[in-house]
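All ligand and atom numbering here is 1-based and tracks the order in the structure. These figures come from a predicted structure and were not determined experimentally.
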Amino acid sequence: MKIMVVGGGGREHAIIKKLKQSPEIETIYALPGNAGMEGEAVLVPIGAKDIDAIVTFAVENEIEYAVVAPDDPLVLGAVDRLNAVGIPCFGPTANAAIIEGSKIFSKNLMKKYGIPTAAYETFDDSGKAIAYLDSLNQYPTVIKADGLALGKGVIIAQTREEAVDAIHSMMEDKLFGSSGCRVVIEEFLTGPEVSVLAFTDGKTVKPMVSSMDHKRALDHDEGLNTGGMGTVAPNPYYTDEVAAVCMETIFLPTIHAMNAEGRTFRGCLYFGLMITPNGPKVIEYNCRFGDPETQVVLPLLKSDLFTVMKATTNGTLAETEVAFADGAACCVIVASQGYPQKYQSGFPLAVPADTENEYSFVAGAKKNEEGVTVSAGGRVVGVTAVRPTLKEAVEAAYARVTSVSLENGFYRRDIGKRALAAKNDK
Ligand code: AMP
Ligand code: GLY
């Protein structure tokens, strides 16, 4: 079969590597992909948000199945448009992708259906938002832009001044464009965070192995929030007991709620959870695979990814096996110095070749005029190692990262540290 993957980062590279293992797939096109995927996918220079061009390409090239990986094209309706020309897709339609596209939608959904989440109020007027802050007078407090903001639309304000600044920059200075016209102000929760990606066909939900992201740029969770600087799987805080509670109080109720709203969700639903002293609560939903969660989750998947993806499309997930290996995985991201703010690109990039249990997932690379592969983006490459234990996986990932050659690259030295400490607690 000829299939295409929309997107161009490390997550998409992990998806492509896994799909390559499927005997049914002949050719994978990546739109736009990146230079690090050459040899594994045919790169097509069409941006992930250019829905018209994506549909035209798919029709002209007789694409038989499409995987739409990033949030933007999903929220913009890429799946709806591809379905309309008869191309089956992995990923939700726009009316279901709103679960990530609008935080106000997702918060109201959780309230309506009793799904545990932080207490909140929503505002479209900055004066009222500030009056609400003053009525609570409780810090830290959390301010979120309603729409998509590249993972940067969440401010944890430690003081009234920070909170007021956040509201002004989102609602008046339009730091995130129209995404910040409306905001959510919510209760600050505490506890370890867990990412759970789940396959669903709208009837059955099959969670993947749990993972832990490391969102801050610097060691000891210092520095700015990023898209994610590394991951481990499984997440030691996600015990069997917690998993059972999540299935009962969060996963199934969310699937049912979306159906009840006439917004059946199919694809990968990402549950960003916090294990609070009062039980697991939803911090956020994403309508897609996480990045870099995918880079530790898919290497542990034993089942054929393409078979599972098609089952979410066809409604046959209940009969389809989704099995994971027993071991652990660690992914360390190498980013450009300065990320997530200003950084330079264009430095020659060399990554170690894959082995049976180690991978390089390239997130940002292009060929320069001399034909040399160079960095192109904030996050440049993620190296993943799979081992029987988490400790071994972390050590192997750090051994491997020393073989990445990137002049202005930096990486965190403490990916997996918190997870290992939690394991030793038990
Ligand atoms: P989000 O983009 O919604 O995942 O938020 C980014 C990060 O902000 C999360 O991973 C949490 O670490 C933090 N965060 C978001 N909401 C809350 C909350 N209500 N309480 C505490 N931390 C939060
Ligand atoms: N790693 C967090 C996300 O994909 O949103």
Considering the heavy atoms of [X], write down every atom of ligand 1 situated less than 4.0 Å from one of them.
X      : value
Lys103 : 3 (O)
Phe188 : 20 (N), 21 (C)
Lys215 : 4 (O), 10 (O)
Val154 : 1 (P), 2 (O), 3 (O), 5 (O), 8 (O), 15 (C)

Considering Glu100, Glu193, Glu187 one by one, which has a heavy atom nearer to atom 9 (C) of ligand 1 than any of the others?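 Closest candidate by heavy-atom distance is Glu193.
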Where the closest heavy atom to atom 16 (N) of ligand 1 is concerned, which of Lys281, Met274, Lys144 has it?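 Comparing heavy atoms across Lys281, Met274, Lys144, the nearest one to atom 16 (N) of ligand 1 lies in Lys144.
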[X] and [Y]: side-chain donor and acceptor closer than 3.5 Å?
X      : Y      : answer
Thr389 : Glu392 : yes
Tyr120 : Asn108 : yes
Glu293 : Ser211 : no

Below 3.5 Å, N or O to N or O, backbone or side chain included: is there any such pair between Glu186 and ligand 1?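 So ligand 1 has an N or O lying under 3.5 Å from an N or O of Glu186.
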If we set the cut-off at 4.0 Å for heavy atoms, which region of Val142 has an atom near ligand 1: side chain, backbone, both, or neither?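 It is the side chain that touches ligand 1; the backbone stays farther off.
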Heavy-atom pairs closer than 4.0 Å: do any link ligand 1 to the side chain of Ile156, the backbone, both, or neither?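 Within the 4.0 Å criterion, Ile156 contacts ligand 1 through side-chain atoms alone.
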Could you tell me how the ring of Phe199 sits relative to the ring of Phe90: parallel (under 30°), tilted (30 to 60°) or perpendicular (over 60°)?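 Perpendicular.
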Between [X] and [Y], is the ring centre distance below 6.0 Å?
X      : Y      : result
Phe271 : Tyr285 : yes
Phe57  : Tyr29  : yes
Phe188 : Tyr139 : no
Tyr132 : Phe123 : yes

Quick check on contacts: which atoms of ligand 2 are under 4.0 angstrom from a heavy atom of [X]?
X      : answer
Asp213 : 1 (N), 2 (C)
Gly227 : 1 (N), 2 (C)
Gly290 : 4 (O)
Glu293 : 1 (N), 2 (C), 4 (O)
Asn286 : 3 (C), 5 (O)

Can you measure from CD (Gln21) to CG (Leu301) and round to the nearest 0.5 angstrom?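 Taking CD in Gln21 and CG in Leu301, the distance rounds to 8.5 Å.
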With a sphere of 6.0 Å drawn around CG of Asp173, does it hold more than 12 non-hydrogen atoms of other residues, nucleotides or ligands?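 Count over threshold, so yes.
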Can Tyr270 be said to touch ligand 2, with heavy atoms closer than 4.0 Å?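 Within the 4.0 Å threshold, so yes.
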State if Gly228 counts as touching ligand 2 under the rule of any non-hydrogen atom under 4.0 Å.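 Under 4.0 Å: no for Gly228.
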In the structure I gave you, are the side-chain heavy atoms of Glu100 and Leu148 within less than 4.5 Å of one another anywhere?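 Contact flag for Glu100/Leu148 side chains = yes.
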Considering only the protein, which heavy-atom contact is closest to atom 5 (O) of ligand 2, and what is its distance?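 Ranking protein heavy atoms by distance from atom 5 (O) of ligand 2, first comes Arg288 NH2, 2.9 Å.
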Under 3.5 Å between some N or O of ligand 2 and some N or O of Glu284?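 Checking ligand 2 against Glu284, no N or O pair falls under 3.5 Å apart.
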